[in-house]
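We count ligands from 1, going down the list as the structure has it; atoms in each ligand are counted the same way. In this chain, numbering begins with 1 at the start of the sequence shown. Note that this is a predicted model, so its numbers are computed, not measured.
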Amino acid sequence: MNDMPPFGRVDRSRPIPPSDQPARLEALLEAVRGRTALVPRAGIVLGSGLGSLADDLENPVAIPFGDMPGWPAATAPGHVGRLLLGRLAGVPVAMLQGRLHMYEGNDPGLVVQPVLLFRQLGARLVVLTNAAGGVNPAFGPGTLMVISDHLNLTGRTPLLGPNADELGPRFADMTDVWAPRLRERLHAAAAAEGVALEEGIYAGLLGPTYETPAEVRMLRTLGADAVGMSTVLEAIAARWIGLEVCGVSLVTNAGAGYTGQPLTHEEVLEAGAQAGPRLARVIRRFVAELPGAGEAGISA
Ligand code: HPA
């Protein structure tokens, strides 16, 4: 038996051009299909504070990142990194608990693999969630914001290098990344749950520092309403591969400089833990009310 994992030892910083993705996705798909035949309708990426949604999964199959070929095991101790497949409100879904960030040193091609895998597993849409800072002064801690558009300010893209035409086009259209149809459904779900839901533009930066006050003012000038360190590359890859995309930011803190107080990770986690269950309710209802949501999702 060969102990070497497929694609060699995990080197998270090794560039993964689009042309490398098909073979990698095949191996990832095989790893999942060895454990479950569930065909998800939707993929959901859980940001900080949204862990409770994972607890709602019925009959979940949990696969640690370290068991997925080419994926690094979760970095920090106590950080969950796993792919979950199960039913949410009776609807088959895949969830990513603990995403891969660029600031951990992960190549953009690795960061987006979970989303590409959702599509390979059969999902048609993806819900991206994140914790974010409020750039719009009206969006204080606890605000939930449907993402209407984004600014990719990471300086990176997952689509650099030779393309894989079988997955998506060389020049992917980004006109309607954040599907108006799904945004309406998120608002309807929030209204039904009695949860306030704003809408705005998410600016994605590389991190891992929080912004300077001058950067937050710059982001406001550029039209951003919230700022974070994730999501934009996943959205780009999802559109490239033909998934419908929607997302919600959970504003955990006012952007740097607004309060005169320093930002801390503890405050972000704390606000996430408080508002997370509210967002979980919205997403649960959104999934439950997808057209044809009750249809079977097991292929074997
Ligand atoms: N900036 C960037 N990312 C964040 C913030 C912030 O203020 N809060 C939570 N994630």
Using atom types as modelled, flag every donor-acceptor pair under 3.5 Å from a side chain in residues 131-147 to any protein atom, sequence neighbours excluded.
from: Asn136; atom 1: OD1; to: Ala138; atom 2: N; distance (Å): 2.8
from: Asn136; atom 1: ND2; to: Asp225; atom 2: OD1; distance (Å): 3.1
from: Thr143; atom 1: OG1; to: Gly140; atom 2: N; distance (Å): 3.2
from: Thr143; atom 1: OG1; to: Gly140; atom 2: O; distance (Å): 2.7

Give every donor-acceptor pair under 3.5 Å between a side-chain atom in residues 195-210 and any protein atom, sequence neighbours left out.
from: Glu199; atom 1: OE1; to: His187; atom 2: NE2; distance (Å): 2.6
from: Glu199; atom 1: OE2; to: Arg183; atom 2: NE; distance (Å): 3.2
from: Glu199; atom 1: OE2; to: Arg183; atom 2: NH2; distance (Å): 2.9
from: Tyr202; atom 1: OH; to: Met229; atom 2: N; distance (Å): 3.3
from: Tyr202; atom 1: OH; to: Ser230; atom 2: N; distance (Å): 3.2
from: Tyr202; atom 1: OH; to: Ser230; atom 2: O; distance (Å): 3.2

- Note on the structure: Sequence neighbours excluded, the answer for salt bridge (Lys or Arg N to Asp or Glu O under 4.0 Å) partners of Arg217 is none
- Item | Within-4.5 Å side-chain heavy-atom neighbours: Pro114 and Leu100 | yes
- Does some side-chain heavy atom of Ile236 sit less than 4.5 Å from a side-chain heavy atom of Met174? yes
- For ligand 1, what are the residues with a heavy-atom contact below 4.0 Å? Ala131, Ala132, Gly133, Tyr210, Glu211, Val227, Gly228, Met229, Thr252, Asn253, Leu263, Val268
- OG1/Thr129 to CG/Leu50 distance, rounded to the nearest 0.5 angstrom? 4.5 Å
